[in-house]
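What follows is one structure encoded as structure tokens, with my remarks underneath.
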Amino acid sequence: MKPTVKFDAQLCIRCKRCLVACAVENSKSKNLFEAIFEEPAPQPRLKVVLNGRVAAVTACRHCDAAICIANCPTGAMHRDTPDGPVVIDKDRCIGCGNCVLVCPYGAPRLDIAGERIDKCDLCIERVEQGLEPACVS
């Protein structure tokens, strides 16, 4: 079964801890107190959209027929396994933005350096170790 993260707006208290956890997990140090001082600053790979009292998390849905994969000219956007998450090979990414243009969820976006695409990979390294994605934990 393909891994996924489901968001329940009824349980969300809009604390944005999921954003912090995501940014720390994608930092060089993987430590909150060290990540604060990293250059460039680590960025979360998801967004929290607030509308009054309602919050929604926008992140990669790792679609079955991922249009971002189909539109990546270098093959940087891919799956390692048929049921795995959509991931990016940063060495092959040219930052063309095709995936950004075609994704209906706004998941891929230019990294902080403005050179490559970044997006949620479901914390694949954590999941392989039997842990939950950082935003969930």
Side-chain angles (χ1 to χ4, degrees):
M1 184 173 150
K2 188 174 73 163
T4 187
V5 172
K6 294 187 179 182
F7 172 75
D8 186 341
Q10 299 296 324
L11 298 176
C12 180
I13 61 170
R14 303 180 332 236
C15 67
K16 298 187 181 180
R17 286 184 65 189
C18 55
L19 291 176
V20 174
C22 182
V24 170
E25 181 62 28
N26 291 292
S27 70
K28 294 173 191 157
S29 65
K30 307 240 188 268
N31 176 292
L32 174 62
F33 300 106
E34 293 176 32
I36 292 169
F37 300 104
E38 288 180 14
E39 290 293 331
Q43 299 295 305
R45 295 179 177 178
L46 57 107
K47 296 176 225 164
V48 174
V49 179
L50 301 176
N51 185 5
R53 294 181 160 211
V54 178
V57 172
T58 60
C60 183
R61 304 290 200 280
H62 304 279
C63 306
D64 290 332
I67 194 167
C68 58
I69 292 174
N71 283 275
C72 182
T74 64
M77 191 78 67
H78 68 284
R79 292 183 200 277
D80 289 331
T81 62
D83 285 341
V86 176
V87 295
I88 301 172
D89 180 340
K90 292 282 193 157
D91 293 331
R92 293 171 70 184
C93 179
I94 58 173
C96 68
N98 284 359
C99 56
V100 175
L101 294 172
V102 298
C103 177
Y105 303 105
R109 58 182 176 230
L110 217 48
D111 66 14
I112 196 158
E115 298 173 354
R116 305 275 188 268
I117 299 300
D118 218 353
K119 66 168 224 42
C120 170
D121 62 4
L122 278 179
C123 294
I124 193 166
E125 293 171 358
R126 288 177 57 94
V127 171
E128 287 172 349
Q129 296 171 16
L131 301 170
E132 296 176 316
C135 63
V136 175
S137 66

To the nearest 0.5 angstrom, please state how far the SG atom of C93 sits from the CG atom of L110.
-> 8.0 Å
Minimum side-chain heavy-atom gap V86-M77 below 4.5 Å | yes
Quick one: are K90 and R116 in side-chain contact, heavy atoms under 4.5 Å?
-> yes
Atom of H78, atom of A76 and distance for their closest heavy-atom approach = ND1-O, 2.8 Å
Determine the minimum heavy-atom distance between S137 and E132, stating which atoms define it.
-> CA-OE1, 3.7 Å
Can you hop from V57 to L50 via hydrophobic side chains spaced under 4.5 Å?
-> yes
Which pairs would a plain distance check flag for residues 10-25, meaning a side-chain donor or acceptor within less than 3.5 Å of a matching protein atom at least two apart in sequence or in another chain?
unit_1, atom_1, unit_2, atom_2, d
R14, NH1, R53, O, 3.2

Just wondering, do H62 and C120 contact through their side chains at under 4.5 Å, heavy atoms?
-> yes
Is it true that a side-chain atom of E39 and a backbone atom of F37 form a donor plus acceptor pair closer than 3.5 Å?
-> no
Looking only at heavy atoms, the pair that brings T74 and R92 closest together is O-NH2, 2.8 Å
Going by atom type alone, with no hydrogens or angles, which donor-acceptor pairs under 3.5 Å involve a side-chain atom of residues 96-108 and a protein atom two or more places apart or on another chain?
unit_1, atom_1, unit_2, atom_2, d
N98, ND2, N71, O, 3.2

Taking all non-hydrogen atoms of both residues into account, name the closest pair between E38 and S27 and its distance.
-> OE1-CB, 3.4 Å
Measure the spacing between CG of L122 and CD of E128 and express it to the nearest 0.5 Å.
-> 11.5 Å
From R45 atom CZ to N26 atom CG, the distance as rounded to the nearest 0.5 Å = 3.5 Å
In terms of heavy-atom contacts, does CG of D8 have more than 12 from other residues, nucleotides or ligands at under 6.0 Å?
-> yes
When rounded to the nearest 0.5 angstrom, what is the spacing between CZ in R61 and SG in C68?
-> 12.5 Å
How far apart are the closest heavy atoms of K28 and P40, and which atoms are they?
-> NZ-CD, 4.0 Å
Is the backbone of G114 close enough, under 3.5 Å, to the side chain of D111 for a donor and an acceptor to pair up by distance?
-> yes
Side chains of P85 and D121 in contact at under 4.5 Å (non-hydrogen atoms) = no
Is there side-chain contact between R79 and V87, with at least one heavy-atom pair below 4.5 Å?
-> no
Smallest separation among heavy atoms of A35 and S29, with atom names = N-OG, 3.4 Å
dist D118:CG -> I112:CD1 (nearest 0.5 Å) comes out at 10.0 Å
Is there side-chain contact between R109 and I117, with at least one heavy-atom pair below 4.5 Å?
-> no
